[in-house]
Amino acid sequence: MKLLFEKSIPGRRSYYLAPCDVPEYTLPAPMQRQEALDLPELSETDVSRHYSALERLSFGVNQGFYPLGSCTMKYNPKINEKLAALSGFTEIHPLQPEHTVQGALRVLYEAERSLCEVTGMDAMTFQPAAGAHGELTGLMLIKRYHEARGDTPRRKIIVPDSAHGTNPATVSMCGMEVVNLSSGADGCVDLEALRQAVGPDTAGFMLTNPNTLGIFDPNIMRITEIVHEAGGLCYYDGANLNAVVGVVRPGDMGFDCVHLNLHKTFSTPHGGGGPGSGAVGCKARLEAYLPAPRVVMSEEGKLSLQQDCPESIGKVRSFYGNFLVVLRAFAYLTTLGQDGLPEVAKNAVLNANYLMKRLSERFTIVNQGFCMHEFVITMEREAKEKHVTAMDMAKALLDCGMHPPTMYFPLIVKEALMVEPTETEGKETLDEAAEIFLSLYDRAMAEPETMHEYPKETVIGRPDEVRAARHPNLRYRKAES
Ligand SMILES: *Cc1c(COP(=O)(O)O)cnc(C)c1O
């Protein structure tokens, strides 16, 4: 596809300005550009078609089924975008006097109260810009907690091997030590291994529950108890909260600190590197260490920003975080309400179990039994016997008008495909997806050699992914004319 620069036609315009009715002014010579600015010259129609064509080259949730695992909600209600675009929210400045932004402070205050209720926490900060940033903030709270008690030997954080890569990375970033915990055969935390791992040097334990295999750990109360008995604190990676939101609360499972990916669970379009929010909630014992400022309410109901937080770990980001992401989350919570919110989790779980059941007619599902919001397929056997890999399956799905599931994650499963249909898909879409998966499987068994050729319909087929990541070519060089 040609770039705008290549489509440019000299002299073509997409605007017509009224004749100038003020005296023209010429900039002093040293400030003048020596050569004309090389901008594409196009009509509005040219530009509009260009961007629509670009949009058709990518696959989005508006085109079709998008079962990308471990990313939670895919379809974000448009009403929340409308609210986040209201000028009363977008045209304010973070340094405006407090009495002029009471509405915005109210959003932060109420969102904190609501999300504390949802997570079973006592206080929350919206400063972190994403989940990984939230993890760092949470671990800084835990570290500070032990230091404040003079319990400085506690430097180790236990992380199960099913964890998202950001968990161990965060531990290192925070200057603590990772203790890797092997999962049991069922994909859950091995209680005996955990008992062996904890000790007087344990600062804490990080867990995603339901975990990356889509399993809710049945021993969760025992797990947090073992960590607490050893003097450690429990950190909940809330990236999979979509599966349990409004049904069970991390605080009630025994966790002391949690991050939520508001861009995964609470209605901010996720992906593409846009703004996110890794809201961090904590129990009262960690509250004093939260980043400043905090939004507080006076007895007369006036909201203000409390800057003076002497025990705080300090700021982790400018101002109050990505405010409009918090606003979307608050709008989402308010529309669904206490009755609607559990429906999200229940539908997500129902859809995942329905699709898992249908796919299990052919595919091997890792860990039988019920799943939560997602499940993992392994193509290990098919790769060995027929040389058809998870990658082959994913690429073939692209030509069937479907976004592939997450591939090769979690790392503890060979040839993994992680499928997450989400709560917003109807039965017809799931049935259609199941038919596509199953018929591709049959083709893979009957004519395995044809499976390495897909996709054929997309602009890019199978790029060298390692090279693309290590040596990205992001620069456009215009051909000399
Ligand atoms: C996405 C994710 C993270 C990281 O969150 P970001 O917002 O991408 O930084 C951490 N843990 C799990 C389980 C995740 O799925």
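Both backbone and side-chain heavy atoms feed into the values below; hydrogens, waters and symmetry mates do not. Both ligands and their constituent atoms are indexed starting at 1 by order of listing.
- Closer than 4.0 angstrom to ligand 1 by heavy atom are Ser70, Ala130, Gly131, Ala132, Glu135, His164, Thr166, Thr208, Asp237, Ala239, Asn261, His263, Lys264, sorted by chain and number.
- Here Glu382 contributes atom CD and Thr364 contributes atom OG1; the two are 5.0 Å apart, rounded to the nearest 0.5 Å.
- Side chain of Asp399 to main chain of Tyr454: no donor-acceptor pair is present (N/O by atom type, distance under 3.5 Å, no hydrogens or angles).
- Of the charged side-chain nitrogens involved, at least one lies within less than 4.0 Å of a carboxylate oxygen, so that Glu420 and Lys74 count as a salt-bridged pair.
- Using cut-offs of 30° and 60° on the angle between ring planes, the pair Phe255 and Tyr236 is perpendicular.
- From Leu139, atom CG reaches atom CE of Met176 across 4.5 Å, with rounding to the nearest 0.5 Å.
- Note on ring orientation: taking the six-membered ring where Trp is involved, the planes of Phe437 and Phe363 are perpendicular (angle over 60°, cut-offs 30° and 60°).
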